[in-house]
Colleague: 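One structure is given below, represented as structure tokens, and several questions about it will come after.
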Amino acid sequence: MNFDLLVAILMTIAGAATPLLIAGLGELVVEKSGVLNLGVEGMMLIGAVTGFAVATTTGYPVIGLVAAMLAAAAAALIFAFLVLTLMANQVATGLALTIFGTGVSALIGAPFVGITTPTLGLLFPHALTDTPLLRLIFGHSPLVYFSLILTVAVFWFLNRTRAGLILRAVGESDSAAHAIGYPVLLVRYLAVLFGGAMAGLAGCYYSLVLTPMWAERLTAGRGWIAIALVVFASWRPGRMLAGAYLFGLVITMELQAKAAGFNILAPEFLAALPYIATIVVLAVISAAKRGGTNAPACLGKPFRATA
Amino acid sequence: MFDTTRRKLLAAGAVGAAGLAIGTTPFAAMAEDAKKDGPVKAAFLYVGPVGDFGWTYAHDQARKCMEKKLGDMVKTTYVENVAEGPDAERVLRQLAQDGNDIIFATSFGFMNPTIKVAKQFPKVKFEHATGYTTGGNKNMGLYNSRFYEGRAVLGTIAGMMSKTGKAGYVASFPIPEVVMGIDAFQLAAQKVNPKFQTQVVWVNSWYDPAKEADAAKALLDQGADVITQHTDSPAPLQAAEKAGAIAFGQAWNMESFAPNAHMTAIVDNWCPYYTRRVQAVHDGTWEADNVWLGMKDGEVEMAPFNNKMPEDVQKAAQKIIDGTKDGSYDVFTGPIKDQSGKEKVSAGQKIPDEELLKLDWYVDGVKS
């Protein structure tokens with residue numbers, strides 16, 4: 001295998017992993033605060049369509065990115081109001097959010113089917129991407145670098161800051177956090193909004209970077225993979241990074257192996273491999289007690305202030 | 001997914017209710033072989049979203065075109081994003097119960113559900129696209145387009161323009177329809193360049209833009225300089241555009257997504273067929289049949305050639321189109337060898353239609 005090919009493959013892996021990582025980190029923070037939001041796919045689609053629509057209309061992809069985050073966060077706000085203030089069931093509301101997002105994105109996107117958009121360019125000048133090695137370092141979309149910084153930032157926030165400690169406390173024992181005076185609902189609202197913004201950003205990674213177009217259901221189920229990755233990562237940002245890239249690796253290698261003409265395994269098996277890997281890892285994590293108990297204790301439970 | 005299905009079903013229900021309100025009873029409306037007084041109610045079952053800009057989009061454009069042509073004669077509804085399998089059966093049954101006169105099921109995987117539901121609703125007319133059997137139902141017809149005729153044009157262009165002699169084929173599922181397209185493409189390319197190879201990557205989905213793009217990238221990384229596809233989104237074209245390769249649109253003119261890479265496209269034009277069939281239901285002359293129409297009938301069209309295509313290539317491609325239309329050219333004419341080099345079709349022989357519709361082997365030069 002020559003170096004050029006290796007670099008091309010590594011870049012494809014980064015491209016496949018980045019949206020999963022961004023959306024997954026958002027959901028990780030949400031779940032750490034004790035809320036389960038299954039609406040990631042819906043919010044991603046809302047982000048994807050908003051980003052595309054705004055970038056096409058204004059001509060500036062960066063404005064599209066911001067709009068995508070705001071729109072998906074707005075959708076997350078509806079979710080937060082329903083499950084936090086009105087205490088609706090989180091699983092059902094999350095599913096409804098995905099269904100809502102799929103429908104509303106198709107509605108908003110109808111006039112944008114079949115047209116092209118200005119895409120988000122590279123962060124570094126083209127002069128820096130002449131050789132394969134330089135391309136591997138400097139040739140990615142800005143969002144790839146952002147996702148790596150985000151991983152460190154989320155780790156630092158959760159484990160090294162007071163605000164992160166409060167967020168984890170809220171997720172582990174909402175009543176105790178409430179008793180010592182922390183605003184449980186406010187913390188959860190903010191976490192859900194952050195998760196929404198990240199899902200929106202991940203969504204418009206598809207519509208503005210990876211496959212610059214709008215078509216219905218553009219994200220094709222990636223939001224669900226992001227949610228699965230949170231469990232896979234046992235709620236740790238570092239493992240989230242590893243999980244997203246592992247997933248990207250498996251998807252890319254499947255296609256590369258086929259393109260290279262290797263026919264050792266049935267294509268159906270290769271296509272199922274990422275999901276089999278997920279199930280195996282989940283089983284291993286649950287078997288090893290330490291990881292299994294890593295889920296936030298209050299995950300998915302409604303909180304009612306008692307005193 | 002479920003939501004859209006549900007939403008469209010509710011809409012279908014509303015249309016059904018409106019039909020009742022006009023005064024015809026649903027049973028009278030379904031009476032066989034009688035000229036219809038009210039509008040014909042036609043329903044469409046789609047496997048993807050109408051906004052996919054590919055396969056489903058083409059069907060939906062034809063539905064709108066038919067509606068325009070027939071005016072008050074027809075009322076249409078559609079259900080999009082229906083999964084192939086049990087879900088399709090449920091939706092089909094619902095559409096039949098809603099009093100639709102004719103139901104078009106527009107994906108290969110809807111075949112068995114359609115056969116099943118057609119048995120339960122003998123007075124409703126069913127039409128299934130790209131299938132090979134009606135299971136003996138007299139109220140079920142089959143229709144298909146000879147897309148492979150277009151694939152032969154693409155193969156000719158690929159064979160002449162490729163420098164590496166290797167094409168990447170982003171394919172969905174190994175069903176006869178797809179196998180036929182791969183074989184036609186390779187046969188035509190091989191005729192121009194005997195060393196030509198077609199590398200197939202199965203993405204196991206009709207529609208997954210990110211995966212289609214990654215598959216195209218993988219093929220380009222591995223030395224292909226032509227990308228062609230049998231999946232429904234323009235994503236592989238975009239990957240080809242980025243890499244400076246050439247590619248072809250699928251089901252619809254996708255030039256806007258890849259102005260440099262897009263050489264031409266196979267354009268599905270179902271409008272004449274839908275118009276004819278619904279008209280037949282209206283006139284009471286509908287009969288189940290099995291049609292397979294192609295370029296000659298205007299069902300398969302080629303998008304305008306890209307200006308970047310050299311003149312000799314344009315001429316060669318046009319020759320294939322003209323030959324197909326006047327019947328002098330058939331890509332499945334022997335000698336044809338299979339992957340192992342064994343001769344499957346002897347010189348001068350043609351693969352008969354019924355065998356084509358069950359095709360499950362690849363011609364020499366296809367790597368899958």
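Convention: sequence-line order gives letters A, B, ...; per-chain numbering from 1.
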Colleague: Side-chain contact test, heavy atoms from C-beta onward, threshold under 4.5 Å: evaluate it for V113(A) versus V50(B) and give yes or no.
Modeller: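 Of all side-chain heavy-atom pairs linking V50(B) with V113(A), none is under 4.5 Å.
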
Colleague: Any non-hydrogen side-chain atom of P209(B) less than 4.5 Å from a side-chain atom of R217(A)?
Modeller: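 P209(B) does not reach R217(A) side chain to side chain.
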
Colleague: What part of V209(A) lies closer than 4.5 angstrom to a heavy atom of chain B: side chain, backbone, both or neither?
Modeller: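 It is the backbone, since no side chain atom gets that close.
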
Colleague: CG of D208(B) to OG1 of T219(A): how many Å apart, nearest 0.5 Å?
Modeller: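 Going from the CG atom of D208(B) to the OG1 atom of T219(A) covers 9.0 Å.
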
Colleague: Specify the closest pair of heavy atoms between M213(A) and S233(B), including all atoms of both residues, with the distance to one decimal.
Modeller: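 Smallest interatomic distance, heavy atoms only, reads CE-OG, 3.8 Å.
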
Colleague: At a heavy-atom distance under 4.5 Å, which candidate from A213(B), A224(B), A210(B), G54(B) has the highest pair count against chain A?
Modeller: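 Most pairs with chain A among the choices: A210(B).
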
Colleague: Go through W252(B), Y207(B), F53(B) and name the one with the most non-hydrogen pairs under 4.5 angstrom from chain A.
Modeller: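 Among W252(B), Y207(B), F53(B), the one with the most close pairs to chain A is Y207(B).
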
Colleague: Rounded to the nearest 0.5 Å, how far apart are CD of Q256(A) and CG of D214(B)?
Modeller: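 Going from the CD atom of Q256(A) to the CG atom of D214(B) covers 9.0 Å.
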
Colleague: Could you tell me which non-hydrogen atom of P212(A) sits nearest to which non-hydrogen atom of Q238(B), and how far apart they are?
Modeller: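 For P212(A) versus Q238(B), the nearest heavy atoms are O-NE2, 2.7 Å.
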
Colleague: Could you check V203(B) against L255(A) for side-chain contact (heavy atoms from CB on, under 4.5 Å), going step by step and ending with a plain yes or no?
Modeller: CA-CA 8 Å; V203(B) 295; L255(A) 296 170; 4.1 Å; yes

Colleague: Let me confirm one number: the NZ-CZ distance from K211(B) to R222(A), rounded to the nearest 0.5 Å.
Modeller: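 Here the rounded value is 8.0 Å.
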
Colleague: Using 0.5 Å steps for rounding, measure from the NZ atom of K258(A) to the CH2 atom of W202(B).
Modeller: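 Separation between the atoms: 9.5 Å.
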
Colleague: Shortest non-hydrogen contact from K166(B) to A259(A)?
Modeller: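 Smallest heavy-atom distance, with atoms named: NZ-O, 4.2 Å.
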
Colleague: Could you give the distance from CG (N81(B)) to CD (E216(A)), rounded to the nearest 0.5 Å?
Modeller: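 It is 6.5 Å, given to the nearest 0.5 Å.
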
Colleague: Below 4.5 Å, heavy atoms only, C-beta onward: do D221(B) and D4(A) meet side chain to side chain?
Modeller: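 No, side chains not in contact.
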
Colleague: Go through the atoms of P19(A) and report whether side chain, backbone, both or neither lie under 4.5 Å from a heavy atom of chain B.
Modeller: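 Answer is neither: P19(A) stays 4.5 Å or more from chain B.
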
Colleague: Closest approach of T116(A) and S256(B), non-hydrogen atoms and distance?
Modeller: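 Residues T116(A) and S256(B), closest heavy atoms: CG2-O, 2.9 Å.
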
Colleague: Output the option from M254(B), K242(B), Q199(B), K217(B) having the highest count of non-hydrogen pairs under 4.5 Å with chain A.
Modeller: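 Ranked by heavy-atom pairs under 4.5 Å with chain A, first place is Q199(B).
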
